[in-house]
Q: 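Sharing a structure, written as structure tokens. Questions coming.
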Amino acid sequence: MPDIKTKSLDAAPGQVKVWKARLVESGPEVTLIRVPISSTTEDRDGDEFSLAGLESMLAGLKSGKIPLYLDHGFRESGARLYGALDMLGAWIDGEIEGSTLYGTAFLDPDNWLARELARKIEAGLPMGFSVGFGVIKSRSKDNGGLIFDEVSLWEVSAVGIPSNPDAVNSAAVQAVVKSLRIKAGLETDEMKRKTKEEGEEPDEEEEQEEEEEQEEEKQSGACEDEEEKAPEEEPTEEDEEEEKSYEVLDEAQIRQIVADEIGKALAPITEALKPLNEIKTLVTKAVATRSKGPRGIVVAREVKESQTDEIPAASPYKPLY
């Protein structure tokens, strides 16, 4: 298989769409995604597309013959294999907005990887997309890179780390985090208004939550007005004693309290380990008092001297075999 060039761009928030539709009236409902897949921005290799190069890829997207893969078909071994059964879907449309090429693809409804891809895009994760193509027309740049004026688009893949420097964009994650903080009540009204100005469309649930919050604020405001009108009660002796019972602790006192509580919690464990410590002490003493004589296998034994005169005296040691 000939080498292919790749160029990537991630899907920024507000430019991504995940929805369901029927491609034909009698067909099944499928999930579609719309994401930016390339641009005229220079990539990490110093290469870039011209607008003419983006238009040549746009024609391929509209043909409906460009498959959607994961990671350009790379396997764990490092080999690239564009298997027919590895397709997650197909690209069926596209458009150029400014200097960015967007593509629309439908996903295989029975492919769990395709469902995971749609879920991650919808969750706002900074998913990257990279185009695989063969070069037809190009020209050199002063820095040694290439400008692609016409290419043959082969496939577009979802990737974790795309080559385009704009591909890993934290704005997508920030938008999701901000939305979660607003729902959790951690953002102020000013931040909510700022989020709306940035172009996020609140859904029906958010609008209902805002209405409920406004109603609660009105009720709380009315209660505060009633409390202000009511005469202030003088503090009683019990209230004064309760206030005096509170004590402000410094860091050292807090550390001591924590240490005491940990000691109480570990006391049963320490007590249970005492027999093991005693056994360890006995074993240590036994090893220390063990004979310090020679170690190893004895390879000789003492032989008594013969009592007869006919046999000469033997060596006091005789090797064993």
Q: Could you check whether atom NZ of Lys141 has more than 12 heavy atoms from other residues, nucleotides or ligands sitting under 6.0 Å from it?
A: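 Counting other residues, nucleotides and ligands, NZ of Lys141 exceeds 12 neighbours.
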Q: Linking I/L/V/M/F/W/Y whenever any side-chain heavy atoms sit under 4.5 Å apart, do Ile37 and Trp19 land together?
A: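 Hydrophobic grouping puts Ile37 apart from Trp19.
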Q: Between the side chain of Arg22 and the main-chain N/O of Gly27, is any donor-acceptor distance below 3.5 Å?
A: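 Here the side-chain-to-backbone pair exists.
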Q: Asp47 side chain to Leu146 main-chain N or O, any donor-acceptor pair under 3.5 Å?
A: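 Yes; at least one donor-acceptor contact below 3.5 Å.
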Q: Between the side chains of Arg119 and Glu122, is the shortest nitrogen-to-carboxylate-oxygen separation below 4.0 Å, so that they form an ion pair?
A: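 Salt bridge between Glu122 and Arg119, a charged N being under 4.0 Å from a carboxylate O: no.
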Q: Test your reading of the model: is there a side-chain donor-acceptor pair from Asp71 to the backbone of Phe74, 3.5 Å cut-off?
A: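 Checking the backbone N and O of Phe74 against the side chain of Asp71, no donor-acceptor pair under 3.5 Å is found.
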Q: With a 4.0 Å cut-off, would you call Arg80 and Glu155 a salt bridge?
A: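 A salt bridge is absent here (no side-chain N lies under 4.0 Å from a carboxylate O).
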Q: To the closest 0.5 Å, what do you measure between OH (Tyr102) and OG (Ser39)?
A: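 It is 9.5 Å, given to the nearest 0.5 Å.
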Q: Quick check: is Leu58 connected to Ile92 through a chain of hydrophobic side chains (ILVMFWY, heavy atoms under 4.5 Å apart)?
A: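 Cluster IDs for Ile92 and Leu58 differ.
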Q: Taking Lys62 for the side chain and Gly94 for the main chain, is one N or O donor matched with an acceptor at less than 3.5 Å?
A: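 Checked: pair present.
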Q: Would you please classify the geometry between the Phe49 ring and the Phe148 ring as parallel, tilted or perpendicular, with 30° and 60° separating the classes?
A: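 Ring orientation, 0 to 90° scale: tilted.
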Q: Judged by atom type as modelled, is there a donor-acceptor pair below 3.5 Å linking the side chain of Ser56 to the main-chain atoms of Val151?
A: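 The answer is yes, because a donor-acceptor pair under 3.5 Å joins these two groups.
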Q: Going by the angle between their ring planes, with limits at 30° and 60°, are Phe129 and Trp91 parallel, tilted or perpendicular?
A: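 Perpendicular.
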